[in-house]
Amino acid sequence: MAVFLKSSMSKTKLVFSLTKILTPISSMKMSTSNLEYIITKKVGEKNNIGLVQLNRPKALNALCDGLVTELTEAVSAYDADDKVGAIIVTGSERAFAAGADIKEMLNQTYSSNLKTGLLQQWDNLSKCKKPIIAAVNGFALGGGCELAMMCDIIYAGEKAKFGQPEIIIGTIPGAGGTQRMIRSCGKSFAMEVCLSGNQITAQEALMRGLVSKVFPPEKLVEEAIKLAEKISEHSPLIVALCKESVNHAYESTLSQGLKFEKKLFYGTFATDDRKEGMAAFVEKRKPNFTNN
């Protein structure tokens, strides 16, 4: 869950009336199609990386229902596309996503949330079998931070800011903020972030294990594409199994995770790509994976 935050504290103040149009990702021509809140395009040397850019500049990419719907549908489409090896989700240099759209939530009630399943469609993102890289510049607050944590890998720009400021407006995170951060950063730090509402820098997020690497803002998407291309060189079938195994470790005990990993490891020996990969290694050539 997330917030569009207005606070007297300079650290946590975001201005609702910000109207400056945010600069789109430079040097990339993107197709808008019929989408209203996102921009999608295949990128990379082999045109095999699915890029999704959140595009509500006047609202700092606040995650309204329409945006989340378009995002989940775009990710699902790339997941089903055999020509796509990995997916990148990004925003602008000013904001990855500053939070959920509070105006949409203002008059919701407990019963209406139960009936409509508020935020449940967000869960569709975590069902994607292909790796998703979050390229985070600017604000990733509340739902924006939760969206980044739903992705498999987070790369951050040097000026990125993360946080779960829901406590400031009288609620708590509702899309995984209290659950995923503790698994990445530990209990004490997760408690501090969620209970204070304070923002953290990209450098501290790196130190705490929330993000993998930090880059200059103008290099961020380029570096995310490089990583996505590297991942896409491997067997899509084996990449999906490896992602599943790591996610299982994230959600289970060590003993359970080790057993699960072993089963998937054994299972790779039933695939053509495992045979091809090992044969190519022995023969000192590049493997020709077929996703079988």
Side-chain angles (χ1 to χ4, degrees), residues 1-4 35-38 40 50-56 61-81 84 86-91 96-102 104-105 108-136 140-154 162-166 171-185 190 193-194 210-211 239-252 256-257 260 264:
M1 202 180 117
V3 301
F4 234 162
L35 300 170
E36 183 177 359
Y37 300 112
I38 65 173
T40 64
L51 180 65
V52 181
Q53 182 186 10
L54 310 185
N55 188 41
R56 286 189 75 197
N61 293 333
L63 299 166
C64 63
D65 285 345
L67 189 155
V68 175
T69 297
E70 290 186 0
L71 172 61
T72 55
E73 289 178 351
V75 168
S76 294
Y78 282 141
D79 196 26
D81 188 339
V84 171
I87 302 165
I88 297 170
V89 177
T90 192
F96 177 72
D101 196 322
I102 300 305
E104 286 188 345
M105 296 184 181
Q108 295 279 26
T109 65
Y110 177 74
S111 60
S112 68
N113 289 341
L114 286 177
K115 292 174 183 176
T116 61
L118 182 66
L119 302 181
Q120 283 186 356
Q121 67 169 325
W122 290 46
D123 296 340
N124 293 330
L125 292 170
S126 57
K127 297 176 182 177
C128 179
K129 293 181 180 180
K130 293 176 181 175
I132 305 177
I133 302 167
V136 178
L141 304 178
C145 187
E146 290 171 311
L147 172 58
M149 290 191 290
M150 286 179 189
C151 298
D152 302 300
I153 299 167
I154 306 176
F162 297 85
Q164 297 292 160
E166 289 88 349
T171 187
I172 70 170
T178 64
Q179 304 300 301
R180 289 189 171 94
M181 186 168 289
I182 192 172
R183 287 165 167 79
S184 298
C185 306
V193 171
C194 292
L210 186 63
V211 308
V239 166
L241 290 174
C242 191
K243 170 176 172 172
E244 184 180 3
S245 187
V246 174
N247 278 334
H248 189 82
Y250 189 75
E251 300 172 357
S252 65
Q256 292 169 335
F260 186 79
L264 289 187

With a 4.5 Å limit on heavy-atom distance, are the side chains of F260 and S252 in contact? no

Not counting sequence neighbours, which residues clear side chain to side chain donor-acceptor pair (under 3.5 Å) with T109? List them please. S111, S112

Does any part of the side chain of T72, heavy atoms only, come nearer than 4.5 Å to the side chain of D123, both counted from C-beta? no

N113: what forms a side chain to side chain donor-acceptor pair (under 3.5 Å) with it, not counting sequence neighbours? none

Would you please name every residue forming a ring-ring contact (aromatic ring centres under 6.0 Å, His included) with Y250, sequence neighbours left out? none

Where the side chain of K243 meets the backbone of K130, is there a donor-acceptor pair that is under 3.5 Å apart? yes

Are side-chain heavy atoms of M149 and P173 found at a separation under 4.5 Å? no

Contact between P131 and I153 at the side-chain level, heavy atoms closer than 4.5 Å - yes or no? no

Are the side chains of L54 and L147 in contact, using a 4.5 Å heavy-atom criterion? yes

Hey, could you give me the CD1/CG distance between I154 and L210, rounded to the nearest 0.5 Å? 4.5 Å

So do D101 and L67 actually touch side chain to side chain, heavy atoms under 4.5 Å? no

V75 vs I132 side-chain heavy atoms within contact, under 4.5 Å: yes

